[in-house]
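Worksheet for the structure shown next.
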2 protein chains.
Amino acid sequence: MRPQEFTTPAASVPVVVAAGREIEIAQDLNLPGFIMGFAPNEEIFGEEEPTDFVYKVISGAVRTTRFLSDGRRQIDGFHLSGDVFGLERGEAHRFSAEAIGECEVALVRRKAVERAAESDVAVARRLWSLAADNLEQLQDHMLLLSRKNAAERVGAFLLELSARANCRMVDLPMSRGDIADYLGLTLETVSRTFSQFAREGLIELPTPRRVVIRNVAALTVN
Amino acid sequence: MRPQEFTTPAASVPVVVAAGREIEIAQDLNLPGFIMGFAPNEEIFGEEEPTDFVYKVISGAVRTTRFLSDGRRQIDGFHLSGDVFGLERGEAHRFSAEAIGECEVALVRRKAVERAAESDVAVARRLWSLAADNLEQLQDHMLLLSRKNAAERVGAFLLELSARANCRMVDLPMSRGDIADYLGLTLETVSRTFSQFAREGLIELPTPRRVVIRNVAALTVN
DNA sequence: CGAGCGTTTGAACAGCGTCAAAACAAGTGG
DNA sequence: CCACTTGTTTTGACGCTGTTCAAACGCTCG
């Protein structure tokens, strides 16, 4: 979705919900931006598109994805409320981003972020930290992908979400297929592992999209 | 290996080969450092050790690794001559680094690098670029680990080395086991895939550690 | 020449993927 | 309110890819 293609609220989504607002991109870094609404599975930006904006999830959830030429998909990350995404060094996005469910996203001009970083060392450092957090998370995820089995992957995923929500009960915004593409599995394997965990009493599944973690230790692997 | 434990050239490795030299950490960023020699499989730094230094490969090859508690190993990356590694944000290393074969590594104080970045925006930007390169490489590797099969992984690995060496003939400094832990496979699968490629004429294997790439397209997957 | 390590190869096995169908949930229109 | 549609999730049966275990091979270096 390119900004030139904005539609008015009266037309179909996406729509600009609010313009000219101050968006907090990092701690103590507020920049002018605007908020847009996206429908489920709607593209926020596509691979190869210019990196004109930096994004922040206001509500809902977003996934960033990459594809192999034959359609195999990888989900690089899930971005929940408050997360910043789409900040890349190059001129073109290496990922696409899509709304998982109905969601609101704030857009800030990338140039504005870069100018702020150039004039203020503290800001540059905070942006660096943002990237470094990202890097460390990616490294953990790489270890998961290269050396953990299906149960360990799903366990780590549930604990990751639980830690983010700071709660043993988690509502999953994403489908089994999304989880599978995040964990390098198939959706059937993810579903089977959920069922297995429930049978073993490690989790409860009140509904398919709600998980209550009962046994943290049994889901943990280091 | 902590610097306090340096031994003299007369004793066993590692040894300080040269002290007080200027090391080029990034383009136009030369900082005082010293060069140490390491024996095959010798640890350069360990997980959890303080991040007091930034490292640069002068000769030979280095691997950075992480472990799961039960011993499963992942190789995060191979670092060849000219590569900078060990630059992390936190106070403790999240990886260990070992010499693959006999090699020389330059050490520069991390504080010196940070001071340079703080006083010079251009330096900070170049360090940022270093990290961003790292990030992009990691993302590609994640796609490999999550969605590519054994042949595609080994193919990508060979092309990666070939691109770095800028040559269709590549000498592998690392063992089959190292390659396996980098690609998320077993050493047997790596060996079998090499043999398979050779049988199909995609590569030649004059010796186990030397590969000549014959058919780039057949090894490529996007 | 023999020891030790890395590599190759084989055979059996298992974990996860594939294909298929059924169960389930949510929304739509009669 | 209920039949119908559509999409997601679950479950089953089966097969393949890659692992495991084991043995043989080939270097290199004492």
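A note on names: the letters A, B, ... follow the listed sequences, proteins ahead of strands, and every chain is numbered from 1. Heavy-atom basis, side chains included; hydrogens, waters and symmetry copies ignored. Keep in mind that this is a model prediction, so the values were computed, not measured.
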Measure from the side-chain heavy atoms of B:Ser191 and tell me the nearest of C:dG6, D:dT11, C:dT8.
-> C:dT8
May I ask you to say whether A:Arg94 pairs ionically with A:Glu47, meaning some side-chain N is under 4.0 Å from a carboxylate O?
-> no
Could you check how far CG of B:Asp178 sits from P of C:dT7, rounded to whole Å?
-> 9 Å
Establish, with yes or no, whether the OP1 or OP2 oxygen of D:dT9 is under 4.0 angstrom from a side-chain nitrogen or oxygen of A:Ser195.
-> no
Hey, which of these two, A:Lys148 or B:Gly177, hits DNA chain C nearer its 5' end, going by closest nucleotide?
-> B:Gly177
Using atom CZ of A:Arg199 as one end and atom C1' of D:dT9 as the other, report the distance to the nearest whole Å.
-> 14 Å
Cation-pi check, A:Arg72 onto A:Phe67 ring (under 6.0 Å, within 45° of axis) = no
Flag the pair B:Met142 / A:Leu145 as yes when at least one side-chain heavy-atom distance between them is below 4.5 Å, and no otherwise.
-> yes
Calculate the interatomic distance between A:Arg176 atom CZ and C:dC24 atom P; express it in whole Å.
-> 15 Å
Could you check whether B:Arg153 gets within reach of a base, just the sugar-phosphate, or nothing at all, counting any heavy atom under 4.0 Å?
-> nothing
Could you tell me whether A:Ser175 contacts a base, only the sugar-phosphate backbone, or nothing, with contacts defined as non-hydrogen atoms closer than 4.0 Å?
-> sugar-phosphate
By nearest-nucleotide position on DNA chain D, the 5'-leaning member of A:Thr207 and A:Arg147 is A:Thr207
Rounded to the Å, how far apart are B:Arg72 CZ and D:dT20 C1'?
-> 15 Å
In whole angstrom, give the distance that lies between atom CZ of B:Arg209 and atom C1' of C:dT7.
-> 9 Å
A:Arg66 to A:Phe95 six-membered ring, cation-pi geometry met (6.0 Å, 45°) = yes
Kindly say if B:Thr189 contacts the phosphate of D:dT19, meaning a side-chain N or O under 4.0 Å from OP1 or OP2.
-> yes
Protein-nucleotide distance (B:Leu187, atom CG; D:dA22, atom P), rounded to Å = 15 Å
Less than 3.5 Å between a donor and an acceptor, one on the side chain of A:Arg192 and one on the base of D:dG12, is that the case here?
-> yes
Rounded to the nearest angstrom, tell me the gap between atom CG in A:Asn149 and atom P in C:dC13.
-> 21 Å
How would you label the contact of B:Leu185 with the nucleic acid (heavy atoms, under 4.0 Å): base, sugar-phosphate, or nothing?
-> sugar-phosphate
Assign the ring pair A:Tyr182 / A:Phe78 to parallel, tilted or perpendicular, where the plane angle (0 to 90°) is split at 30° and 60°.
-> tilted
Whole-Å distance between D:dT17 P and B:Leu183 CG?
-> 18 Å
Determine whether any donor atom in the side chain of A:Glu188 lies under 3.5 Å from an acceptor atom in the base of C:dC19, or the reverse, and answer yes or no.
-> yes
